[in-house]
Amino acid sequence: MHTSHQLELYPGQTVTQVLFKCVRNSADLRKSAMEGKINAALINPKMLVDPFQVIVAANKAVHLQNIGKMKTRSLYSEILFNLSPTNNISEAFRRFGISDADDAVLVVLVATDDESQTLADVTEMVDGQQVHVEELPTLSDVTQIRKLYKVTPQEEKIGSLLDSVVCKMATKDVM
Amino acid sequence: MAVSNFLSKGSLLKQGAEARVYRDIFLGKSTIIKERFPKKYRHPLLDEKLTHRRTVQEVRSIQRCRKAGIPTPVVYFVDYTSHCIFLEDIADSVTVRDHIVSTQHQSHPSPTLEHLAPLAVKVGQILAQMHDEDVVHGDLTTSNMLLRRNGDVEDASELSLVLIDFGLSYISGLPEDKGVDLYVLEKAFLSTHPNTEALFQKLLESYTASSKKSSAVIKKLDEVRLRGRKRSMVG
């Protein structure tokens, strides 16, 4: 059900994504995450096109952590920040973090070697139905994504929406 | 550090004066990695500055082109410490250079122009579009254009052309800069592909027809042809 990807640049680190629908305790989850009790990033699936988008953000976060150039305080907040097309941290949290009314959440973990313990811990905290990560595209709000990432119609003629989103994320710090 | 470890295991595709290009699997996808290595012959401070600026410039131009609908590879990741750009690998593609060379070999001597005319039209259109966005490529050659292989297409609109290597690109609205851009291509084109004057003419005609600002650029091109790429320093 969940997907894991070992980062090629940092072979010890694995990015794991778990998707939940029909979540009833978003407010509690958000609170725990903000208090630092959850060792994972909780992402609003509406703004995600594909699991690849999250891997791109996580890779950049791990890299910046390793070279000591993170813009935010933790690895998980950095993942949220990297997903955003802008350099505004609070806006990134607002757009990509979960809000109290959300009923779906993508949990992202970055772990060295054996992550099964934390994965189980986090899964336990979510009061919802776990679904396959491949279902992520069915939860995306494509209109909102186009608007947020300012994807032009010309741009979508030469590649997918995912291409545009990923390129925007990767190039945002020099635009 | 992590990046150089990663590259040491990758397969080197090409090495130029400015950068090394590798291909490897990155984030689960086939990826091209362009590494601008340190140039020992330059002062370290100057080298760092130049290399950084070129990396940034390349990334910016790619994003600007994509936004305007000009096909360029997707940027997956950039490491500004080792000056590496991780780019989409355009699968199943050949350089325009190789395509022209093999076409010339297959169908010599005369039908070459006919076969390649749609390609010349397409290149003209894309360059016109790029210049209308005020992106000057800086290193236009037939090796810096990729053609996605999708059969033998006769119609220019169905050809899938991707521009690569924006390492020397910059943003400029000046007809002079765009004229020099075309002049560089003309020189490279005619020297790599002998007896293709008619084909290049076709490309220019297509450029002129598609660009909104072509007349000033073509006028400059004629000027540049007489004096060469560098502007006269007299006066």
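Chain naming here is simple, since letters A, B, ... match the order of the sequence lines and numbering starts at 1 in each.
Listed by chain and residue number, R24(A) satisfy the salt bridge (charged side-chain N to carboxylate O under 4.0 Å, His left out) test with D127(A) (two or more places apart in sequence, or in another chain).
Side-chain contact check for L9(A) versus V3(B): some heavy-atom pair is nearer than 4.5 Å.
Contact of I25(B) with chain A is made through backbone and side chain together, with heavy-atom distances under 4.5 Å.
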Under 3.5 Å, which donor-acceptor pairs link chain A and chain B? Put them in a table for me, please.
residue	atom	partner	partner atom	Å
E8(A)	OE1	L27(B)	N	2.8
E8(A)	OE2	L27(B)	N	2.9
E8(A)	OE2	G28(B)	N	2.9
H63(A)	NE2	D79(B)	OD1	2.9
T152(A)	OG1	K67(B)	O	2.8
V174(A)	O	R60(B)	NE	2.6
V174(A)	O	R60(B)	NH2	3.1

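Across I70(B) and I158(A), no two heavy atoms sit closer than the pair O-CD1, 3.6 Å. The two residues V74(B) and C167(A) make their nearest non-hydrogen contact at CG1-CB, 4.0 Å.
For residues 25-46 of chain A, a heavy-atom distance under 4.5 Å to chain B picks out no residue at all. Among the residues in residues 92-100 of chain A, none has a non-hydrogen atom closer than 4.5 angstrom to a non-hydrogen atom of chain B.
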Would you please test V56(A) and F86(B) for side chain to side chain contact (heavy atoms under 4.5 Å, CB included) and show each step?
-> CA-CA 11 Å; V56(A) 169; F86(B) 293 66; over 6 Å; no
